[in-house]
Amino acid sequence: MWRSYGRGATEITAVRGVTGQVNPGQRIALTGESGSGKTTLLHLLAGLDVPTSGAVTWPGLGLRGDRPVGIGVVFQAPSLLPALDVTDNVALPLLLAEVPPDEARRRAQDALDQLGLGALRAAAPDELSGGQGQRVAIARVLAGEPALVLADEPTGQLDHRTAEHVLDVLLAAVDALGAALVVSTHDPAVADRLDERWSMTDGLLGEPVGQGRLR
Ligand code: ADP
Ligand code: MG
């Protein structure tokens, strides 16, 4: 799979010939320096972007139209809607998926409770610390019960201790779901907590380290 931006002299190829497979329950660290193509690859895996050539298929996930269902995404920053309280932020993807409002809010509150965020149910996003915001974003993913979680440097903007806590929460959430996880990071301490490593350099994916395989 390839992804280029622009054309001609200004063309940048962010992902070049990447091939891979994510198996159920697998936990992968996607490592690489800034600009190596991690975000581009994660967006392609999430179906938020379309490859210039090649394709992403998720035979283990269901489809709604031509989009896979069961993928949860955690971005670098929490990306919460400021006008909604924490519960409604967590419930929003469920509401958009036409889950009845009462059930959506109940699932949102369950996810918040599970991550130790029950006290923040009615808080506004601008009252949250960076670490709390990222935990709420993880609760939002958890409430959707995905089979695959994609996280793009989810602790990149946090201090070391907060980052460790947020990573604990993310791994616990993924455990509870039995979901697969791909988390991009340039922090070796994060990568060391996962089962295997995909290392990216200039858009190329190197040999995986760990028990995984690429084809
Ligand atoms: P990483 O997440 O590892 O920092 P990115 O996927 O963000 O890497 O970027 C990979 C390369 O693609 C970089 O050279 C970056 O400048 C370029 N790039 C990313 N997004 C765009 C875009 N929307 N338009 C043009 N170039 C982009
Ligand atoms: Mg990035």
Side-chain angles (χ1 to χ4, degrees), residues 1-22 26-56 58 71-80 125 128-138 140-141 146 148-171 173-174 179-210 212-214:
M1 166 171 72
W2 298 68
R3 176 65 166 104
S4 301
Y5 297 109
R7 280 173 164 266
T10 60
E11 180 172 306
I12 290 170
T13 302
V15 166
R16 12 180 123 240
V18 166
T19 310
Q21 178 174 327
V22 181
Q26 205 176 11
R27 297 168 165 215
I28 297 162
L30 177 62
T31 63
E33 289 180 7
S34 182
S36 59
K38 302 182 298 298
T39 294
T40 301
L41 179 57
L42 282 176
H43 286 182
L44 292 167
L45 296 180
L48 298 171
D49 186 17
V50 178
T52 308
S53 68
V56 177
W58 294 111
I71 299 181
V73 184
V74 181
F75 297 97
Q76 240 163 319
S79 61
L80 304 174
L128 305 179
S129 69
Q132 286 172 333
Q134 260 328 35
R135 284 154 65 203
V136 170
I138 293 166
R140 182 172 56 189
V141 164
L148 170 65
V149 176
L150 303 171
D152 190 12
E153 304 209 43
T155 62
Q157 297 180 6
L158 305 175
D159 64 74
H160 181 72
R161 267 187 58 186
T162 310
E164 211 156 278
H165 181 48
V166 167
L167 184 64
D168 288 341
V169 165
L170 177 62
L171 293 176
V174 166
L181 173 68
V182 182
V183 49
S184 79
T185 183
H186 54 246
D187 181 353
V190 173
D192 286 348
R193 302 271 313 266
L194 298 164
D195 305 329
E196 57 195 273
R197 196 177 294 206
W198 289 1
S199 161
M200 251 191 133
T201 312
D202 287 337
L204 293 165
L205 206 53
E207 287 296 304
V209 177
R213 63 201 156 92
L214 285 178

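Between atom CG of residue Leu41 and atom CG of residue Asp49 there is a gap of 10.5 Å, rounded to the nearest 0.5 Å. Going from atom CZ of Arg197 over to atom OG1 of Thr185 covers 9.0 Å, rounded to the nearest 0.5 Å. Atom CE of Met200 and atom OG1 of Thr40 lie 7.5 Å apart (nearest 0.5 Å). Interatomic distance, Leu158 CG to Glu153 CD, rounded to the nearest 0.5 Å: 11.5 Å. Here Thr201 contributes atom OG1 and Arg16 contributes atom CZ; the two are 11.0 Å apart, rounded to the nearest 0.5 Å. Annotation: the span from Leu48 atom CG to Thr39 atom OG1 amounts to 11.0 Å, rounded to 0.5 Å.
No donor-acceptor pair under 3.5 Å is formed between the side chain of Lys38 and the backbone N or O of Leu30. Listed for the Arg27 side chain is no donor-acceptor partner under 3.5 Å among the backbone atoms of Arg193. In this structure, Trp58 contributes its side chain and Leu45 its backbone to a donor-acceptor pair below 3.5 Å. When atom types are taken as modelled, the side chain of Thr52 and the backbone of Ser4 share a donor-acceptor pair closer than 3.5 angstrom.
Within the 4.5 Å cutoff, no side-chain heavy atoms of Val18 are placed close to those of Arg3. Side chains of Val190 and Thr31 form no contact here, defined as non-hydrogen atoms less than 4.5 Å apart. No side-chain heavy atom of Gln134 sits less than 4.5 Å from a side-chain heavy atom of Gln157. At a threshold of 4.5 Å between non-hydrogen side-chain atoms, the residues Asp152 and Ser184 count as touching.
In this structure, Gly72 and Pro146 approach most closely via the heavy-atom pair N-CB, 3.5 Å. For Ala137 against Pro78, the heavy-atom pair with the smallest separation is CB-O, 3.9 Å. Counting all heavy atoms, side chain and backbone alike, Ala180 lies closest to Val22 at CB-CG1, 4.0 Å. Residues Pro51 and Leu44 approach most closely at N-CD2, 3.4 Å, considering heavy atoms. Scanning all heavy atoms of the two residues, the minimum distance from Val149 to Ala179 falls at CG2-CB, 4.3 Å. The two residues Ala151 and Pro154 come nearest to each other via the heavy atoms CB-CG, 3.8 Å.
Other residues, nucleotides and ligands place no more than 12 heavy atoms under 6.0 Å from the CG atom of Asp202.
When Ile71, Val74, Val183, Val141 are each tested for a side-chain contact (heavy atoms from CB on, under 4.5 Å) with Leu150, only one passes: Ile71. Each of Leu194, Asp195, Ile28 was checked for a side-chain contact (heavy atoms from CB on, under 4.5 Å) with Leu181, and the lone residue meeting it is Leu194.
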Begin with the C-alpha distance, continue with both residues' side-chain angles, and end with the deciding distance and a verdict on side-chain contact (heavy atoms from CB on, under 4.5 Å) for Leu170 and Thr155. CA-CA 10 Å; Leu170 177 62; Thr155 62; over 6 Å; no

